Amino acid sequence: MRKYHTRVTGSIHTAAKAIQHGEIVAFPTETVYGLGANAFDKRAVKKIFEAKGRPADNPLIVHIYSTSQLPEIVQNVPPVAHQLITHFWPGPLSIVFKRNKKIPDMVTGGLPTVCVRMPNHYLAKKFLKKTGVPIAAPSANLSGKPSPTTWKHVWNDLNGKIPLILKGTAALHGIESTVVDCTAKTPRLLRPGVITLEQLQKIAGKINTHSTKHTASPGMQHQHYAPQGKVILINDPTDIRLKQNNKAYIGITPSTQKIFQLNPANVNQYARQLFSFFRTCDSQNISFIYAQKVSEIKLGRALMDRLRRATRDNVTE
Ligand code: TXA
Ligand code: MG
């Protein structure tokens with residue numbers, strides 16, 4: 001494993017130079033922080049997998065700043081993808097296309113497809129433009145940990161493992177982009193995210209939804225988002241067991257118990273704060289993390305997806 005002296009910078013110029021020299025750089029986006037490399041440079045992309053400890057079969061998202069970059073990444077842009085791009089780019093929507101052979105296997109996990117996203121974040125946009133190349137980037141956490149929503153989370157996971165962090169503010173959305181596969185006639189939702197199913201349906205009509213048995217998105221099978229403590233999903237804070245020590249709670253309805261708790265005002269704030277809350281619980285060695293369920297509509301679908309994954313065994317109580 002390579003050892004680095006990790007620097008934190010606010011300079012787009014420094015960050016872009018590092019990419020051009022074949023290095024990896026963590027950078028902010030509106031969803032979560034990413035860990036990027038030149039998507040055309042196999043050796044640079046390999047460093048991402050090494051730093052994160054990420055399984056090689058889990059493909060990366062390729063980040064762009066302009067649709068003029070698409071032809072060297074994808075074979076074609078189907079009409080439905082074109083509509084989605086018009087409505088949601090730049091923004092938190094990642095689209096799976098048939099891949100152009102120029103994109104190395106290392107990026108796609110050997111799949112014949114490639115996932116592309118155009119972030120809507122002022123630093124990310126400037127950074128992507130300055131590098132001049134498509135940037136392959138997963139979330140900038142150690143594999144298996146919750147995605148980082150601040151540069152400090154990135155630092156805590158990857159200090160000594162990457163050369164540079166481009167420092168921005170805390171992520172606006174706090175959960176990852178929506179992934180939609182546009183290679184079949186009817187688009188398929190592979191990962192619920194910030195752009196909701198309802199929003200997609202309004203533009204594209206019918207959307208097939210992700211089933212846990214579907215294997216088109218290899219990353220979805222790996223353990224994600226789980227803190228060290230046991231996550232227990234509940235309908236109401238009165239379901240928190242009184243006798244357990246060392247517990248915490250996140251939910252819109254406040255608990256009357258005297259415990260470490262976070263009460264987001266609404267589903268958007270819940271999503272924004274969830275991963276950061278998990279990391280705080282880990283740093284305090286919390287054993288039981290109670291989380292209030294939300295309705296599975298709009299952003300609630302993505303939030304419940306992340307909460308279920310965090311339970312490790314996908315069992316709710
Ligand atoms: O918001 C986000 O999407 C963040 C920021 C940094 O852009 N990125 C992110 O990347 O969450 P990552 O690697 O943690 O998740 C990428 C997801 C995985 O579930 C992966 O399996 C899926 O996208 N994916 C990537 N390429 C794919 C492909 N060709 N076919 C199907 N799924 C793909
Ligand atoms: Mg990730």
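Side chains are part of it too, since the values below use all heavy atoms of this structure and drop only hydrogens, waters and symmetry mates. In each ligand, atom 1 is the first atom listed, and ligand 1 is the first ligand listed. Quick caveat: nothing in here was measured; it's all calculated off a predicted structure. When a residue number appears, it is its place in the shown sequence, counting from 1.
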Between V114 and ligand 1, which residue portion shows a heavy-atom distance shorter than 4.0 Å: side chain, backbone, both, or neither?
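The answer is the backbone of V114.
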Any idea which part of R99 is under 4.0 Å from ligand 1, heavy-atom wise: side chain, backbone, both or neither?
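Within the 4.0 Å criterion, R99 makes no contact with ligand 1.
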Any chance the side chains of [X] and [Y] put a donor and an acceptor closer than 3.5 Å?
| X | Y | value |
| --- | --- | --- |
| T14 | R7 | no |
| T131 | Q20 | no |
| E176 | S147 | yes |

Taking D181 first and then R191, would you say they form a salt bridge - that is, a charged N and a carboxylate O separated by under 4.0 Å?
no
So, regarding [X] and ligand 1 (criterion: nitrogen or oxygen to nitrogen or oxygen, under 3.5 Å), is there a contact or not?
| X | result |
| --- | --- |
| R54 | yes |
| T29 | no |
| H63 | yes |

Quick check on T108 - does any of its heavy atoms sit under 4.0 Å from an atom of ligand 1?
no
With sequence neighbours left out, which residue pairs that include part of residues 34-55 fulfil the ring-ring contact (aromatic ring centres under 6.0 Å, His included) condition?
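As it turns out, there is no ring-ring contact (aromatic ring centres under 6.0 Å, His included) pair with a partner in residues 34-55 once direct neighbours are skipped.
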[X]: numbered ligand 1 atoms lying under 4.0 Å from its heavy atoms:
| X | result |
| --- | --- |
| T31 | 1 (O), 2 (C), 4 (C), 5 (C) |
| G34 | 6 (C) |
| E176 | 1 (O), 2 (C), 11 (O) |
| T113 | 28 (C), 29 (N), 30 (N) |
| L111 | 28 (C), 29 (N), 30 (N) |
| L190 | 31 (C), 32 (N) |
| P138 | 10 (O), 12 (P), 13 (O) |
| L60 | 25 (C), 26 (N) |

For atom 9 (C) of ligand 1, tell me which residue out of S177, C115, S139 has the closest non-hydrogen atom.
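Heavy atom nearest to atom 9 (C) of ligand 1 belongs to S139.
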Option whose closest heavy atom lies nearest to atom 18 (C) of ligand 1, chosen from V179, V32, N58:
N58
Please report the C-alpha distance between I240 and K247 in whole Å, then the side-chain angles of each, then the deciding distance to 0.1 Å, and finally whether the side chain to side chain contact (heavy atoms under 4.5 Å, CB included) criterion is met.
CA-CA 9 Å; I240 300 172; K247 58 186 183 238; 3.8 Å; yes
Any donor-acceptor pair under 3.5 Å linking the side chain of R54 with the backbone of N58?
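Present.
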Is the side chain of R279 donor-acceptor paired with the backbone N or O of S283 at a distance under 3.5 Å, no angle test?
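Looks like no, no N/O pair under 3.5 Å.
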Gap between atom CD of Q257 and atom CD1 of I259 - 0.5 Å precision
5.0 Å
Results of side chain to side chain contact (heavy atoms under 4.5 Å, CB included) for P163 - residues two or more places apart only
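Y4, E23, I24.
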Kindly state whether the ring of Y249 and the ring of F288 have centres lying under 6.0 angstrom apart.
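Y249 vs F288: aromatic centres not under 6.0 Å.
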Tell me, please, if N141 has any N/O/S atom, main chain or side chain, under 2.8 Å from the Mg ion (ligand 2)?
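Short answer: no, not a single N, O or S atom is under the cut-off.
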